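Quick caveat: nothing in here was measured; it's all calculated off a predicted structure.
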Amino acid sequence: MKKILFAALMLLAPLTMSAQKFGHFNSAEVVQLMPEYTTAQNELQTLAQQYEEDQKRMQDELQKKADDFQKEQANMLENLRARREQELNDLYQRYQQSLADNQQAFQKAQAEKMQAISEKITNAVKQIGDAGGYVYIMDITSGIPYISTKLSTDITPELKKALGI
């Protein structure tokens, strides 16, 4: 009796496995088409240009003061020369700090904008997964070694539709 029951379960196991739905999508393809991504890229490009202009302005000021110091250095009193050297060092320190601050602020802005896009995609994938009865939905751009396209459904078109793309 146990053998018959075991054999029946073994015969039904493939049927229960086939009832499970698996999906996959290509986030790189979807993100590129999102209007939010284009807007974020434009905003980030504007921010980067602003930071570059600020840095160029500071660099020009530093260079001008260094050139002036070089020209006048031979005729300066020692205490005035030391004070001007300290001013140049302070200006250089501010320039270096500004570079670091701008880079950090840019990375933070970039992360915030991409986080909002990622959350929107995640919410749409969850809705598709719930509505379609999927067990798993995986992003093929995340480095998964293998996904069987025969056993998994590509939900990229549904995801585009859900996102209004």
Side-chain angles (χ1 to χ4, degrees), residues 20-73 80-165:
Q20 295 180 349
K21 290 175 66 177
F22 300 95
H24 63 273
F25 66 100
N26 184 337
S27 66
E29 179 183 334
V30 173
V31 166
Q32 296 289 325
L33 299 173
M34 292 177 72
E36 294 89 341
Y37 178 75
T38 304
T39 301
Q41 290 296 56
N42 291 337
E43 290 172 1
L44 290 170
Q45 187 175 17
T46 300
L47 186 61
Q49 287 173 345
Q50 178 185 355
Y51 288 153
E52 285 177 25
E53 289 169 7
D54 290 346
Q55 292 310 128
K56 176 75 170 122
R57 203 169 28 256
M58 286 184 77
Q59 187 177 22
D60 290 346
E61 179 185 356
L62 181 61
Q63 186 64 48
K64 182 184 180 316
K65 288 190 178 199
D67 290 345
D68 291 347
F69 176 73
Q70 284 289 32
K71 291 176 188 174
E72 300 168 359
Q73 181 178 359
L80 183 59
R81 184 179 335 180
R83 189 173 70 213
R84 293 277 301 271
E85 283 177 354
Q86 185 59 46
E87 288 173 5
L88 281 173
N89 284 334
D90 291 345
L91 186 58
Y92 181 73
Q93 295 286 330
R94 285 195 307 267
Y95 172 74
Q96 291 293 331
Q97 186 62 48
S98 178
L99 279 174
D101 291 347
N102 287 350
Q103 184 177 13
Q104 186 178 15
F106 183 80
Q107 288 173 346
K108 181 180 178 187
Q110 187 176 32
E112 287 172 355
K113 291 181 185 313
M114 292 311 293
Q115 178 65 31
I117 291 168
S118 178
E119 286 176 7
K120 188 171 182 178
I121 290 173
T122 300
N123 291 336
V125 168
K126 286 179 183 178
Q127 288 175 347
I128 292 168
D130 289 343
Y134 289 91
V135 176
Y136 293 108
I137 298 178
M138 297 173 224
D139 181 1
I140 62 172
T141 58
S142 63
I144 296 172
Y146 173 75
I147 294 178
S148 172
T149 55
K150 292 178 184 174
L151 299 175
S152 177
T153 305
D154 185 2
I155 66 155
T156 304
E158 282 181 77
L159 183 56
K160 289 177 185 177
K161 184 178 177 183
L163 294 170
I165 300 173

Around Q104, counting heavy atoms of other residues, nucleotides and ligands shown, do more than 12 lie under 6.0 Å from its CD? no
Can a donor-acceptor pair be found, under 3.5 Å and without considering hydrogens, that links the side chain of T39 to the backbone of P35? yes
So NE2 of H24 and CG of L151: to nearest 0.5 Å the spacing works out to 11.0 Å
I want to check something: taking the side chain as every heavy atom from C-beta on, are M114 and Y37 in contact at a cut-off of under 4.5 Å? yes
Are any non-hydrogen side-chain atoms of E119 and Q115 less than 4.5 angstrom apart? yes
Per side chain to side chain donor-acceptor pair (under 3.5 Å), D68 is matched among K64, K65, K71 by K64
State the CE-CD distance between M58 and Q97, to the nearest 0.5 angstrom. 10.0 Å
What is the distance from atom CG of L47 to atom CZ of F106, rounded to the nearest 0.5 Å? 6.5 Å
Quick one about D139 and S27 (side-chain donor to acceptor, distance below 3.5 Å, no hydrogens or angles considered), yes or no? yes
Would you indicate whether the side-chain heavy atoms of D90 and R94 approach each other to under 4.5 Å? yes
Closest non-hydrogen atom pair, V30 against I165: O-CD1, 3.7 Å
For the atom pair NZ (K120) and CD1 (I117), what is the distance rounded to the nearest 0.5 Å? 9.0 Å
Could you tell me whether a side-chain N or O of T122 sits under 3.5 Å from a main-chain N or O of S118, the two making a donor and an acceptor? yes
Rounded to the nearest 0.5 Å, the CZ atom of F22 sits from the OG1 atom of T149 at a distance of 14.5 Å
Heavy-atom closest pair (F25 atom, I155 atom, distance to 0.1 Å) is CB-CG1, 3.8 Å
Does the salt bridge (Lys or Arg N to Asp or Glu O under 4.0 Å) test come out yes or no for E72 and R81, once each step is laid out? CA-CA 9 Å; E72 300 168 359; R81 184 179 335 180; over 6 Å; no
Please evaluate residues L99 and Q55 with respect to the criterion side-chain contact (heavy atoms from CB on, under 4.5 Å), reporting the C-alpha separation (whole Å), side-chain torsions for both, the decisive distance (0.1 Å), and the verdict. CA-CA 7 Å; L99 279 174; Q55 292 310 128; 3.2 Å; yes
Taking all non-hydrogen atoms of both residues into account, name the closest pair between L88 and A66 and its distance. CD2-N, 3.7 Å
Do the side chains of Q93 and Q96 get nearer than 4.5 Å, heavy atoms only? no
CG-CD1 distance between D154 and I140, expressed to the nearest 0.5 angstrom: 6.5 Å
Looking at R57 and D60, is any side-chain nitrogen of the basic one under 4.0 Å from a carboxylate oxygen of the acidic one? no
Does any N or O in the side chain of S152 come within less than 3.5 Å of the main-chain N or O of I147, such that one atom is a donor and the other an acceptor? no
Heavy-atom closest pair, residues G133 and K21: O-CB, 3.8 Å
How about Y136: does its OH atom have over 12 heavy atoms from other parts shown lying under 6.0 Å from it? no
List the steps and the verdict of side-chain contact (heavy atoms from CB on, under 4.5 Å) for L159 and I128. CA-CA 7 Å; L159 183 56; I128 292 168; 4.1 Å; yes
Heavy-atom pair with the smallest gap, counting every atom of A105 and Y51: CB-OH, 3.2 Å
State plainly whether the residues E36 and K113 are in salt-bridge range, i.e. N to O under 4.0 Å. no
Pair E43, T46 - check side-chain contact (heavy atoms from CB on, under 4.5 Å), show working. CA-CA 5 Å; E43 290 172 1; T46 300; 5.7 Å; no
Of all the heavy-atom pairs spanning L33 and K160, show the shortest one and how long it is. CD1-CE, 3.6 Å
For L91 and E61, run side-chain contact (heavy atoms from CB on, under 4.5 Å): C-alpha distance rounded to whole Å, both residues' side-chain angles, the deciding distance at 0.1 Å, then the answer. CA-CA 9 Å; L91 186 58; E61 179 185 356; 4.1 Å; yes
Greater than 12 external heavy atoms within 6.0 Å of Q103's CD: no
Report yes or no: do Q63 and D67 form a side-chain donor-acceptor pair below 3.5 Å? yes
